[in-house]
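Okay, so here's the structure we're looking at.
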Amino acid sequence: MAEKLAARGLLTLQDLWLHLPLRYEDRTAITPIGALQPGVAVQVEGKVEAVERGFRYRPMLRVALGDDSFGTLVLRFFHFRSQQVNQFKPGARVRAYGTPRPGQHGLEIVHPSYHVFAEGEAADLSAQLDPVYPEVEGLGPATLRKLIAQALDALPPAEQLELLPQHLLAQLHLPTLRDALLTMHRPQRDDDVAALMAGKHPAQQRLALEELLAHHLSLRRQRIALQQHKAPALKGKGALAKKLEATLPFKLTQAQQRVFAQIREDLHKPSPMLRLVQGDVGSGKTVVAALAAMLAVEAGKQAALAAPTELLAEQHCNNFRAWLEPLGVRVAWLAGKVTGKARAQVLAEVADGVAQVVVGTHALMQEQVQFHDLALAIVDEQHRFGVHQRLALRDKGAGADSVPHQLVMTATPIPRTLAMAAYADLDVSAIDELPPGRTPVTTVALSADKRPELVERIRAACREGRQAYWVCTLIDDSDEVVAQAAQTTYEQLTAAMPELRIALVHGRMKPAQKQATMLAFKRGETDLLVATTVIEVGVDVPNASLMIVENAERLGLAQLHQLRGRVGRGAAASSCVLLYQPPLGQMAKQRLATMRETNDGFVIAEKDLELRGPGELLGTRQTGLAGFRVADLSRDANLLPQVHELADKLLAESPVLADRIVARWVGGAARYASA
Ligand code: ADP
Ligand code: MG
């Protein structure tokens with residue numbers, strides 16, 4: 001049993017206390033059979049009126065129950081033993097629990113839990129609601145319930161269990177941990193079950209507060225731990241960065257200047273920077289990264305930039321080379337496909353410091369990659385990497401005690417509440433302004449049967465010398481199937497518009513071929529690019545002003561926003577057509593409406609949070625957040641200010657208590673955080 005519990009992460013009594021019910025079954029009352037509603041789980045009691053045992057396609061047992069309310073309910077069984085059949089004698093009293101559904105002869109409950117009373121037997125109604133726990137593989141629900149009940153019997157007195165200051169709980173009108181746990185596991189008949197189901201019960205708020213606090217503290221401790229390390233203070237005058245700025249074909253926006261100034265200030269210090277740059281799609285994060293890299297290079301050290309896809313990394317590399325090589329800065333390129341002699345040469349350049357800036361993919365994080373003197377690690381689109389990957393790059397610093405500064409960039413803005421919770425370990429800068437001269441993208445949603453009309457639109461755009469994307473997506477995300485669909489679309493469009501230069505790019509193509517196709521599109525040598533979502537992140541072709549997205553109803557808001565961000569990068573008015581297959585579900589309708597209404601990534605992120613919840617929004621990095629036991633960031637956002645205040649106090653006044661809170665809630669998950 002211990003093994004089975006351990007497999008689910010349940011090792012201690014405390015783990016059992018925190019294994020909270022998913023929902024409850026209410027056996028505190030009896031509902032008259034005449035008052036049953038389909039779909040609403042209840043407890044009923046009645047006398048057996050008829051029993052029918054038969055075979056239709058499989059063995060079946062039906063028991064009709066009646067009570068004084070003149071209702072009839074059928075209990076239906078597909079699996080049963082003869083002994084069970086014998087229990088159900090006409091006239092026997094039965095108490096059953098389950099969800100009635102419409103059947104052939106009125107309402108029926110399939111496989112209810114039930115009890116057949118013996119002659120003269122009486123049974124009290126339960127005073128508590130019955131908890132239904134998340135399953136533990138290999139343990140029956142009854143066993144699990146019994147184990148947890150035993151664990152709860154061993155709960156220590158409130159004072160001993162409590163880690164939060166008493167006055168604070170009183171001030172917030174929240175119960176002690178002991179009371180909160182008992183309420184969650186054993187709500188009483190007169191507890192506010194509706195509030196409990198909605199997650200708004202003070203008992204839940206109490207637990208959510210402590211859990212959020214624990215998570216926040218663990219991030220803060222991580223940060224404190226990082227700051228124990230030294231980092232190279234990059235104190236140059238910034239001459240190289242100034243030179244770069246002077247050669248750019250544009251002027252930095254106010255927001256870019258502000259964020260770069262913040263980064264510069266961080267890099268001046270002998271402790272490691274850990275800064276997140278949030279900026280909407282197209283806000284110009286790449287050039288800020290390049291400027292930051294120049295501070296490292298000026299100090300005679302190295303900078304690295306990692307991007308999650310090869311396409312994006314390659315584009316960064318091209319940009320960096322175009323910007324930096326004229327300044328005499330050597331930019332090296334490292335990706336999985338760089339192999340053999342070429343790879344050995346790059347690795348050597350990186351190791352002996354000839355390569356001042358290194359751009360690449362995950363390949364940068366591999367063990368064989370040794371830097372001469374890495375001072376700045378930049379990770380683009382960090383939500384696509386896991387924490388450990390980010391850490392792997394950080395660990396490539398020079399000395400045992402020195403770590404590089406870290407700059408992480410995200411293109412998917414995250415709502416403020418979420419950022420507060422998720423990035424407590426980071427300083428956050430926002431590039432909250434787009435470069436001037438951009439016209440907002442006009443977005444329309446069109447039913448897929450309007451597809452033929454789009455041919456004219458594409459023609460018109462291309463006639464004016466502009467370019468277009470046609471993005472193929474499918475519910476089946478296997479590369480092969482999507483590639484096939486893209487191929488078919490490509491053929492259809494080529495047949496419909498023979499005068500246009502049309503190209504195709506998808507994930508199944510060879511990297512070199514992908515790159516050549518993208519480059520040709522970027523150079524304006526093709527008019528229309530039929531693509532899968534490989535172009536989603538980062539691809540930058542300012543002359544493209546029209547995007548068509550197929551099956552848009554199947555994509556999430558963040559992804560749609562990312563895709564749409566591929567247009568509207570130049571001065572020309574751009575548009576985005578979201579093709580959908582009717583009928584639209586409620587969620588899809590709202591998503592498409594949001595896309596039509598706004599181009600603001602931050603607004604879209606808020607809406608996304610509302611529609612999807614935080615777990616999905618944050619993806620891999622915040623596995624801890626997605627795995628909250630009680631807390632729900634969209635529901636409990638109101639607790640966050642208290643969490644922050646409390647964390648400050650605890651860290652200052654009683655770090656030991658802080659450690660215990662983290663250990664209680666985060667436990668194993670915090671292990672790699674301290675790595
Ligand atoms: P993102 O923030 O989405 O990564 P990029 O860094 O790819 O955005 O920048 C988008 C485009 O805007 C690029 O073509 C870039 O050269 C251009 N750009 C960046 N900053 C400015 C600016 N201040 N003025 C004009 N164009 C800019
Ligand atoms: Mg980018």
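One-based numbering, in listed order, for ligands and for the atoms of each. FYI, the numbering just counts along the sequence from 1.
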May I ask you to check whether over 12 heavy atoms, not counting those of [X], lie within 6.0 Å of atom [atom1]?
X	atom1	value
R223	CZ	yes
K243	NZ	no
E367	CD	no

Ligand 1 N/O within reach of [X] N/O, cut-off under 3.5 Å:
X	result
P436	no
W323	no
G282	yes

How far apart are the C-alpha atoms of R501 and T526, what are their side-chain angles, what is the distance that settles it, and do they pass the side-chain hydrogen bond (donor to acceptor under 3.5 Å, both in side chains) test? CA-CA 5 Å; R501 298 164 300 172; T526 35; over 6 Å; no
Distance in Å, D540 CG paired with R569 CZ, rounded so as to fall on 0.5 Å steps: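 Rounded to the nearest 0.5 Å, the CG-CZ separation comes out at 4.5 Å.
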With a cut-off of 4.0 Å, which atoms of ligand 1 are near a heavy atom of [X]?
X	result
K251	22 (C), 23 (N), 24 (N)
L252	23 (N)
G284	1 (P), 2 (O), 5 (P), 6 (O), 8 (O), 9 (O), 19 (C)
D540	11 (C), 13 (C), 14 (O)
T286	4 (O), 5 (P), 6 (O), 7 (O)
R569	3 (O), 7 (O), 10 (C), 11 (C)
T253	23 (N)
V281	3 (O)

Would you say the side-chain atoms of S429 and Q262 include a donor-acceptor pair closer than 3.5 Å?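 On atom types as modelled, these side chains qualify, holding a pair under 3.5 Å.
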Any luck finding a side-chain donor-acceptor pair between N543 and Q467 under 3.5 Å?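 Yes, a side-chain donor-acceptor pair sits under 3.5 Å.
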Look at ligand 1 and say whether R438 reaches it with a heavy atom at a distance under 4.0 Å.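 Contact present.
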Check whether any heavy atom of S283 sits under 4.0 Å from an atom of ligand 1.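 A heavy atom of S283 does come that close to ligand 1.
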Side chain, backbone, both or neither: which part of Q256 comes within less than 4.0 Å of ligand 1 when only heavy atoms are counted?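 Side chain only.
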Dump the intermediate steps for side-chain hydrogen bond (donor to acceptor under 3.5 Å, both in side chains) on E550 and W470, then the final yes or no. CA-CA 8 Å; E550 281 194 282; W470 186 294; 2.9 Å; yes
Residues two or more places apart in sequence or in another chain: which of them pass salt bridge (charged side-chain N to carboxylate O under 4.0 Å, His left out) with R343?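 If we apply the salt bridge (charged side-chain N to carboxylate O under 4.0 Å, His left out) test to R343, skipping adjacent residues, there are no hits.
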